[in-house]
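Structure first, commentary second.
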Amino acid sequence: IFSPAFIFFFFFKVAPYINGRIFDQGTQSWKVNGIATAAKSIPTLLNSKLYSLYDEQYGSLAQFAVSCPHSEYWQNVMKQTVQELVQTYGTNGVYLDQIAAAGPRQCWDPSHGHTLGGGDYWVTGYRQLLKEARGGAGNNAVLLTESNAEPFMDGLNMYLTLVGFSGNFDGYNRIAPAFPAIYGGYYFSMGAVFYEQDLTASPDVFAAKLAKQFMFGAQLGWFSLGGRNNQDPYMGMFDVLMSSNFDPEIEYLKLLSNSKLIINDWLQNGRAMRELPLILNNTDTYNIRYSHSPVPHHLGGARIHGAKPRYGLNYNSVMSSAWLSSDSTSLLVAITTVERSTSAQIRFQIDMDKYGFANSSGKQFLVTQLPSGAILGQYAGNQVTYKGYLGPRNILLLKIAPK
């Protein structure tokens with residue numbers, strides 16, 4: 001029997017929240033240094049000196065201003081804060097919010113030492129800020145931020161991909177795994193927005209969000225256990241996650257987590273490939289769409305603008321993905337049934353030329369089920385085939401490689 005302290009130390013990782021972009025105007029340090037280093041806007045008037053701040057408010061209703069990342073003071077604040085959290089308090093890393101999420105602001109303050117208005121100082125400033133933060137954290141600490149802007153990839157260990165998962169999962173405007181297809185092996189992603197209503201209104205929506213994270217190679221979850229009392233929709237999920245009513249969803253989360261351990265080499269080091277041409281239940285329909293209008297879709301701009309979140313999420317009752325290994329020697333295929341009561345007869349035939357194996361028609365490929373290692377068949381490269389049955393809330397993992 002392990003003590004709670006032992007379990008916490010070995011099984012939990014802590015990365016406290018700080019904001020890498022905005023300054024609280026209600027603090028004493030704001031009056032001393034914050035105003036001078038804040039980004040400044042200016043009216044479109046010739047030689048105007050009427051500077052104003054980029055003010056923002058969020059759930060706490062505190063007044064914030066966007067800091068200029070080119071400011072040496074702001075870079076040092078981030079470095080010192082990160083260093084204290086990691087080196088003094090022993091955290092496993094630090095989450096620096098908003099850096100890869102919010103776009104640049106034109107800054108017209110000549111005291112900051114950058115070009116006025118336009119220029120590359122917003123990106124180069126944050127890149128230097130992350131370099132300073134890494135120096136304070138050391139190489140063994142995790143640095144994370146919100147969203148997944150490319151210029152900061154080499155300065156971070158992980159992206160919180162909330163906006164990336166904010167679209168529909170099916171339909172003409174569905175989200176696509178462009179980032180893992182292009183940058184697979186060079187970045188890690190985690191998180192999507194989850195609401196209490198994902199379980200209480202339709203637990204299959206909760207499962208669909210988990211399945212989509214899995215198929216895109218992201219770390220599963222990002223559940224808010226508490227949440228604020230002024231959130232609409234409510235994000236505190238501790239009570240519903242602990243309820244026996246949703247034990248099937250917890251079991252599905254465990255299934256996906258254990259499956260992810262088996263195929264992490266593809267998901268972390270490989271890259272996502274094109275969709276699979278699935279045929280379900282002996283029809284030509286690629287998949288079945290469901291739209292749950294009472295379920296909140298994503299916060300969108302609600303945090304800043306007070307707008308209501310979008311509602312309704314289209315998702316697939318069967319989800320799949322294909323991942324090419326980092327050395328391009330094997331293809332990983334993952335297929336899962338999302339809903340509590342929906343099973344499927346599954347069939348696909350693929351040409352390996354379209355999945356990273358050039359001139360494959362003259363070669364033979366083995367289809368192996370994971371983790372058992374059972375060989376399910378041998379096929380010519382231009383007609384690799386699978387046909388089988390998948391029960392509700394189940395997953396199939398296949399490795400396809402030249403013989």
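Because only heavy atoms are used, hydrogens play no part in the values below, and waters and symmetry mates are left out as well, while side chains stay in.
- To the nearest 0.5 Å, atoms CD1 (Ile262) and NZ (Lys399) are separated by 13.5 Å.
- Crowding of Asn359 atom CG: a count of heavy atoms from other residues, nucleotides or ligands under 6.0 Å not exceeding 12.
- Side-chain contact between Asp24 and Asn19 is absent, with no heavy atoms from C-beta onward closer than 4.5 Å.
- In summary, the side chains of Ser202 and Asp204 do not present any donor paired with an acceptor at a separation below 3.5 Å, with no hydrogens or angles considered.
- Counting heavy atoms of neighbouring residues, nucleotides and ligands inside a 6.0 Å radius, atom CD of Gln87 exceeds 12 of them.
- With a 4.5 Å cut-off on side-chain heavy atoms, Val142 and Lys13 do not count as touching.
- Two residues are said to be in side-chain contact when any heavy atoms from C-beta on lie closer than 4.5 Å; Val77 and Thr37 fail this criterion.
- The number of heavy-atom neighbours closer than 6.0 Å to CG of Asn140, taken from other residues, nucleotides and ligands shown, is 12 or below.
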For this session: Go through the steps for Leu199 and Asn245 under the test side-chain contact (heavy atoms from CB on, under 4.5 Å), then give the verdict.
Result: CA-CA 9 Å; Leu199 283 167; Asn245 294 333; over 6 Å; no
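- The side-chain heavy atoms of Phe23 and Ser29, taken from C-beta on, include a pair separated by under 4.5 Å.
- The ring pair (Phe, Tyr, Trp, His ring centres under 6.0 Å) with Phe206 is formed by just one residue from the set Tyr195, Phe246, Tyr252, Phe223; it is Phe223.
- With no hydrogens or angles considered, a side-chain donor-acceptor pair links Glu132 and Gln128 at under 3.5 Å.
- Under a 3.5 Å cut-off, the side chain of Thr336 and the backbone N or O of Asn394 do form a donor-acceptor pair.
- Between Leu130 atom CG and Ile99 atom CD1 the span is 4.5 Å, to the nearest 0.5 Å.
- Looking only at distances, no side-chain donor or acceptor of Asn168 sits under 3.5 Å from a matching main-chain atom of Arg174.
- Both cation-pi conditions hold for Lys212 and Phe169: the charged atom is under 6.0 angstrom from the six-membered ring centre and inside a 45 degree cone around its axis.
- Judged by distance alone, with hydrogens and angles left aside, the side-chain atoms of Ser243 form no donor-acceptor pair with the main-chain N or O of Val240 at under 3.5 Å.
- Between the side chains of Tyr73 and Ser67, no donor N or O sits under 3.5 Å from an acceptor N or O.
- The neighbour count for Arg271 CZ, taken as heavy atoms of other residues, nucleotides or ligands under 6.0 Å away, does not exceed 12.
- Other residues, nucleotides and ligands contribute only 12 or fewer heavy atoms inside 6.0 Å of the CD1 atom of Ile375.
- In terms of modelled atom types and a separation under 3.5 Å, the side chain of Thr91 and the main chain of Tyr89 share no donor-acceptor contact.
- By the salt bridge (Lys or Arg N to Asp or Glu O under 4.0 Å) test, Lys254 pairs with Glu251, sequence neighbours left out.
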Exercise. Between Phe179 and Met153, is a side-chain contact (heavy atoms from CB on, under 4.5 Å) present by the stated rule, with each step listed?
Worked result: CA-CA 11 Å; Phe179 222 80; Met153 192 181 304; 3.8 Å; yes
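- In this structure, Leu331 CG and Leu276 CG are separated by 7.5 Å, a value rounded to the nearest 0.5 Å.
- Proximity of Ser259 to Leu397: side-chain heavy atoms (C-beta onward) are separated by under 4.5 Å at one or more points.
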For this session: Before giving the answer on salt bridge (Lys or Arg N to Asp or Glu O under 4.0 Å), spell out for Glu146 and Arg21 the whole-Å C-alpha distance, their side-chain angles and the decisive distance to 0.1 Å.
Result: CA-CA 11 Å; Glu146 180 185 7; Arg21 175 176 167 271; over 6 Å; no
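- The heavy-atom pair separating Gly226 from Tyr234 by the smallest distance is O-OH, 2.7 Å.
- Side-chain contact annotation: Gln213 with Gln219, donor-acceptor N/O pair under 3.5 Å absent.
- Across Gly356 and Leu324, no two heavy atoms sit closer than the pair CA-CD2, 4.3 Å.
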Problem set entry | Worked verdict on Val338 versus Asn316 for side-chain contact (heavy atoms from CB on, under 4.5 Å) | CA-CA 8 Å; Val338 172; Asn316 312 112; over 6 Å; no
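- For the pair Lys209 and Phe194, the cation-pi criterion (under 6.0 Å, within 45° of the ring axis) is fulfilled.
- With 3.5 Å as the limit, one finds a donor-acceptor pair spanning the side chains of Tyr315 and Glu339.
- In this structure a side-chain-to-backbone donor-acceptor pair under 3.5 Å is missing from Trp323 to Ser330.
- Relative ring orientation between Tyr17 and Tyr95 is described as tilted, the plane-to-plane angle lying within the 30° to 60° band.
- Checking side-chain atoms of Thr145 against main-chain N and O of Leu96 turns up a donor-acceptor pair under 3.5 Å.
- Although no hydrogens or angles enter the test, the distance criterion places a donor-acceptor pair under 3.5 Å between the side chain of Thr337 and the main chain of Gly391.
- Taking all atoms of both residues into account, the shortest heavy-atom contact from Gly221 to Leu210 is N-CD2, 4.1 Å.
- Tyr389 and Ser343 make their closest contact through OH-CB, 3.3 Å (heavy atoms, listed as atom of the first residue, atom of the second, distance).
- Lys131 NZ to Phe152 CZ: the interatomic distance, rounded to the nearest 0.5 Å, is 15.5 Å.
- Remark: the backbone N or O of Ala149 is paired with a side-chain donor or acceptor of Tyr159 at under 3.5 angstrom.
- Between His114 and His112, the ring-plane angle classifies as perpendicular under the 30° and 60° cut-offs.
- Of the inter-residue distances, the one linking Ile400 atom CD1 with Thr329 atom OG1 reads 13.0 Å to the nearest 0.5 angstrom.
- Side-chain atoms of Trp222 and Thr161, non-hydrogen and from C-beta on, never get closer than 4.5 Å to each other.
- Judged by distance alone, with hydrogens and angles left aside, the side-chain atoms of Arg127 form a donor-acceptor pair with the main-chain N or O of Pro151 at under 3.5 Å.
- For the pair Leu332 and Leu370, the minimum side-chain heavy-atom distance is below 4.5 Å.
- Proximity of a side-chain donor or acceptor of Gln25 to a complementary backbone N or O of Phe64 within less than 3.5 Å is detected.
- For the pair Ile350 and Tyr355, the minimum side-chain heavy-atom distance is below 4.5 Å.
- Taking both residues in full, the closest heavy atoms of Val86 and Ala137 are given as CG1-O, 3.5 Å, listed atom of the first, atom of the second, then distance.
- Taking both residues in full, the closest heavy atoms of Gly167 and Leu313 are given as O-CD1, 3.9 Å, listed atom of the first, atom of the second, then distance.
- Note: Phe216 and Phe165 have tilted aromatic rings, judged against thresholds of 30 and 60 degrees for the angle between ring planes.
- Here the straight-line distance linking atom NZ of Lys40 with atom OG of Ser52 works out to 10.0 Å at 0.5 Å rounding.
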For this session: Could you go through the side-chain contact (heavy atoms from CB on, under 4.5 Å) check for Glu249 and Arg340 one step at a time?
Result: CA-CA 8 Å; Glu249 284 61 53; Arg340 282 187 178 186; 2.7 Å; yes
